[in-house]
Every structure is written in structure tokens, then in C-alpha cells.
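Only heavy atoms go into these numbers, but all of them, side chains included; no hydrogens, no water, no symmetry mates.
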Protein chains: 2
Amino acid sequence: MNPSRPRIPEATVARLAVYLRVLTGLADGGRAGVSSGELAGAAGVNPAGLRKDLSHLGPCGVRGVGYDVLGLRDRIARVLGVERSRACVLVGLGNLGSALADYAGFGSRGFEFVGLFDSSPERIGQLVGGHPVRPVTDLDQVVAETRATIGVIATPAEVAQSVCDRLTAAGVRSILNFAPVTLAAPAGVDVRQVDLSVELQVLAFLDTNRDTDSDTDRDTHGDAPVPALGGMS
Amino acid sequence: MNPSRPRIPEATVARLAVYLRVLTGLADGGRAGVSSGELAGAAGVNPAGLRKDLSHLGPCGVRGVGYDVLGLRDRIARVLGVERSRACVLVGLGNLGSALADYAGFGSRGFEFVGLFDSSPERIGQLVGGHPVRPVTDLDQVVAETRATIGVIATPAEVAQSVCDRLTAAGVRSILNFAPVTLAAPAGVDVRQVDLSVELQVLAFLDTNRDTDSDTDRDTHGDAPVPALGGMS
DNA sequence: GCGACTTTGTTCCTGCGTTCACAAGCGGTT
DNA sequence: AACCGCTTGTGAACGCAGGAACAAAGTCGC
């Protein structure tokens, strides 16, 4: 509807990224067109929700036919701002950081690591994913030169906040944090948190209480304040 | 409020895991009590929302005083089902899988990898994080023996669905998937997706449209990337 | 012992996200 | 050229999450 920038909801943005991935796969497979039903099935969402998501980009399908795979893919890529490669810096090259730097999927999805940083002297100079590891003291300079706006933190939790401060001071506007701490960043800087332990703990909860569906909760009626809970031995 | 099991919202469950992490840190630091305001600050949420989250567990604080750090920590751990170590299996020991297996944070947070699996013959027998890598053909047996209910997929995207099928067939009820594909799992199996590219693309979007807060729309003077977006053809 | 302050737990309300259902539009067919 | 089926795009209702304000309760000070 609104052609300019009607402020797309964040939940929709996250799904747009999924649609982009599915569309890229379809394009590589040679598919020319796709319907909302098929695309929604491949993305694991409701067809109506998918259409509503896409409606935020303006009309991009043909009624009675469906969506053009290449056109929709490029449209979403433009809206997400990944139509051209974006420069990212990565701090912390332990196991996780090395895995991220070596992950080829980023390069094909519009992201390029232009700087890898670590504080451990023995890692400096090593090549990870084709790029040399540099000391964190070079961070300001590299960010300024490459105009990187995205920073990824894969350090231990103890130093994550100081790294965040340094990144924001250097001009980074968006941060993806893998360290298990809640970062405090100045206003205007977006921080996204990926906590692997949190994900596992949510799974553990769903696993423990997986039977809330059928049997209508033949519960302990007395108001015992969290009595047993032990149950499953 | 409801003492039995009032179906805690998933968003609350995810935040409970964060509170648990913060509380563990406070407990290690020797703190005995904490207020909702301080805890909310450390977790990056609103104090009122934190109290509402905790209210799902029943009353667990003392008015006028605050919360007992150890008591609240144990209470949340019990609700999440991580009061005792849970058995997990991990499939795919590339860079990311090795990083996960080697991440000490899991063990201290209630998760233990009891089986590491890979299909590449040269990886089988290697020790990663203290455990030997086994062939995926042993997966059924190990899941049955250890009664593991949580599976982590860190394989390439092409084989993730088949690994998912194998895990569910073996009896795994919860799956954490790092492969960039949408998995189809039978009903009753919970799948959580962590897609690193999606996270970065959301950041890219927020970065591109970072000035949507103040409605006054001071359009980016000069260096406007993605200026009009109008030309869709 | 009593009052006042502090902090929790709850309730209301506003806004957002999701889903359902229908109208609008395009291609193919007769 | 008109009809019909198929698919998109949109409007409305429902449910849920988030935030602010208020009442209950317990402790500290006098």
C-alpha cells in the first residue's frame, strides 16, 4: 500500500529473510513462478500471513498466477538491504567465531567479513576463512576504513560489554551478540542476541510440559504453591 | 497464579532463561537478594514485565524486600526442567558443531552432550569436547540407551531434513536446528530454528531504516542508499 | 506498638501480531 | 467477447504480549 516506507514490523522482517532463503533455493532450481500456498508451505507459515507480509512491500504478485521467483527475491533483498554485499566485522575467534568466519553461507547471502579481531596474541595473523586475524586495537581503524556498520561478537561473556563499547564507539550501528550477556548499548544502536543456552532451555521446558494438549489438565485442585512438579522420574 | 501448570507463554519462558542466567551470575558473586528493578535492568527488560513473568511461577518474592537469589534461581531451573542435567545428542561436527560440542557453557547450564554424530568417515573417532565422534548409524542405539530427548542439528542444509527424520524416529522430542532450512517434523516434536543469516539480515534491515522512530522523516541527506525504491521493474 | 516506606503481585488498558474470510483482478477457455 | 476458475491483496475480528498504575504486604524506624 504505502509505497515509501510504512514501517514493516520486525516479525515480518524476520520472515522475509526466510522467504528470501526459500526463493533463492527455488531460483537455483530453475523455478520461474510460485504461489503463496507453496511458498508458505516451504517457509512453514500460514499462506494468509505470507501474503500480508508481502503486502508491506506493495503489490508484487500477479493475481491468478502467483509470484515471479526472481522478481520477488530481488524485491525482498532490496527491502532487507542485502542487494549488495554489506561489510561486517567479527570479534572473538574461538570455536564459535571461527565457525562463523568460515561459514560460506554468509557470503552468498549478502554479508562479508572485512575484519576479524581477537585479543589472544597467538591467534593474530592466522587465516580464518581467508582473512587474517588482527588485534582488537586495529578495530577502530578498520571500521572507519571499511565503513562497516555491522559487528558480530563471539567473545567470552566477560569481555563482551567492552567489545560492544568499542564497536559502538567506532561507529558500528548494529550488533549481533552470541555471548551470554545482556549488552547495554547507546540509543540508536540495534543489538540482537542469540543465546544458545536460552534456546536449549526453552526446548527443555517444552519437553517437560509437552502434554498440555489433550487431557484437560486433571490438576491438583488445592492451591498448593508449586508442590510436586517432580513427577517424571 | 495458577499453581499447577497454567501454560506459561513462550515469550515468558525465553525470558525466564535469561533471568536464570543473570541469577546464576549473582549467586556466583555472593549476592543474597535482588529487587525486580535491578534484575530487570540486568536482563534488559521492564521491571513490571519481569514481575509478571515471575507471577506465573506463583509468589516467589517477599514484598518490601525483593527476591532471594538462590531460591528464585532454583525455582526457575525447576520450571524450565534444567534442575538436573539433560541428555542431548548433536549431529554434524563441522565448524559450528564442533564449537557447540566444545562450548563449556552448556554443561554448566543443565545440558550434556551424550552423543556426537557425523557422516564423514575421517571425523569418526575424533575427540571433540571430550567425547568421541560416532557414525550416524549409531544414532538410534545411543538415543535409546541414553534416553536423550533433545537433538541438535548442525549439518549442511541438504541433509538436515533426513537427520531430523532420523532423530524423531529414534525418539527425540525436541530439536534445535542450525541448518538454514525449514524442517518438517511430526506433531508432538518441537523444533526451534536458529538461522544466523536471518539474524544478520534483520540487522541489515534495521540498519538501512534506522531512522523510523521520529516521524519527522529527515530523509538521509546526501549519501542516501536505496533512495526511492520506487523503480521496481 | 504504630506509622511510613519499600517492593511485590495484580489488574486494566493499549497496541500489535495473527488468522479468517471476502472482494478484486488476471489468464485461459469457449 | 464473455465466462469461469484461480490467486492475490485487503479488511475485520480475535487473541496475546507489553506497559503503566494501583492495591497488598512486609520491614524498618521511632
> Rounded to the nearest angstrom, tell me the gap between atom NE2 in B:H56 and atom P in C:dT10.
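Whole-Å distance recorded here is 10 Å.
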> Nearest-Å distance, CG (B:L57) to P (C:dT8)?
14 Å
> Can you tell me if B:R173 has over 12 outside heavy atoms packed within less than 6.0 Å of its CZ?
no
> Between atom CG in B:D68 and atom C1' in D:dT27, what is the gap in whole Å?
16 Å
> Side chains of A:T12 and B:F205: closer than 4.5 Å at any heavy-atom pair?
no
> So that I can tick it off, tell me whether B:R31 and B:E38 are bridged by a salt bridge, with the cut-off set at under 4.0 angstrom between side-chain N and carboxylate O.
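So B:E38 pairs with B:R31 through a salt bridge.
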> Report yes if the side chains of B:Y19 and B:L72 come closer than 4.5 Å at any heavy-atom pair, otherwise no.
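They are not in side-chain contact.
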> Please report the distance, rounded to the nearest Å, between CG in B:L54 and P in C:dT8.
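Going from CG in B:L54 over to P in C:dT8 covers 9 Å.
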> Give the nucleotide from the list D:dT8, D:dA20, C:dT8 with an atom nearest to the side chain of A:S35.
D:dT8
> With a 4.0 Å cut-off, would you call A:D68 and A:R73 a salt bridge?
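Between A:R73 and A:D68 there is no salt bridge, as every charged N stays at least 4.0 Å from the carboxylate O atoms.
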> Regarding A:N95 and B:Y103, do their side chains bring together a donor and an acceptor under 3.5 Å, going by distance alone?
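No.
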> Using whole Å, what does the distance between atom P of nucleotide D:dA20 and atom CZ of B:R51 come to?
11 Å
> Do A:L54 and A:I76 touch side chain to side chain, with heavy atoms closer than 4.5 Å?
yes
> Check B:S85 against B:E112 and note the closest heavy-atom contact, atom names and distance.
OG-CB, 3.5 Å
> Nearest-Å distance, CG (B:L50) to P (D:dA17)?
16 Å
> Any side-chain N or O of A:S36 below 4.0 angstrom from OP1/OP2 of D:dT7?
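Indeed not, no polar side-chain atom of A:S36 lies that close.
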> Find every protein N or O atom lying less than 3.5 Å from an N or O atom of nucleotides 23-28 of chain C, and list the pairs.
from   : atom 1 : to    : atom 2 : distance (Å)
C:dA24 : N3     : A:R63 : NH1    : 2.9

> Describe, as an angle rounded to 10 degrees, how the axis at the first end of the helix from C:dG1-D:dC30 to C:dT30-D:dA1 is tilted relative to the axis at the last end, five pairs per end.
10°
> Does some side-chain heavy atom of A:V13 sit less than 4.5 Å from a side-chain heavy atom of A:V79?
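Sidechains of A:V13 and A:V79: no contact.
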> Between C1' on C:dG9 and CZ on B:R75, what's the gap in Å once rounded to a whole number?
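In whole Å, C:dG9 C1' and B:R75 CZ are 13 Å from each other.
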> Could you tell me which non-hydrogen atom of A:G92 sits nearest to which non-hydrogen atom of A:T155, and how far apart they are?
CA-CG2, 3.7 Å
> How many whole angstroms separate atom CG of B:N46 from atom P of D:dA21?
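Roughly 11 Å, once rounded to whole Å.
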> Is A:R192 salt-bridged to B:E199, going by a charged N under 4.0 Å from an acidic O?
yes
> Taking only nitrogen or oxygen atoms into account, show me every contact under 3.5 Å that the protein makes with nucleotides 15-18 of chain C, one pair per line with its distance.
from   : atom 1 : to    : atom 2 : distance (Å)
C:dT18 : OP1    : A:R15 : NH1    : 2.9
C:dT18 : OP2    : A:R15 : NH1    : 3.3
C:dT18 : OP2    : A:R15 : NH2    : 2.6

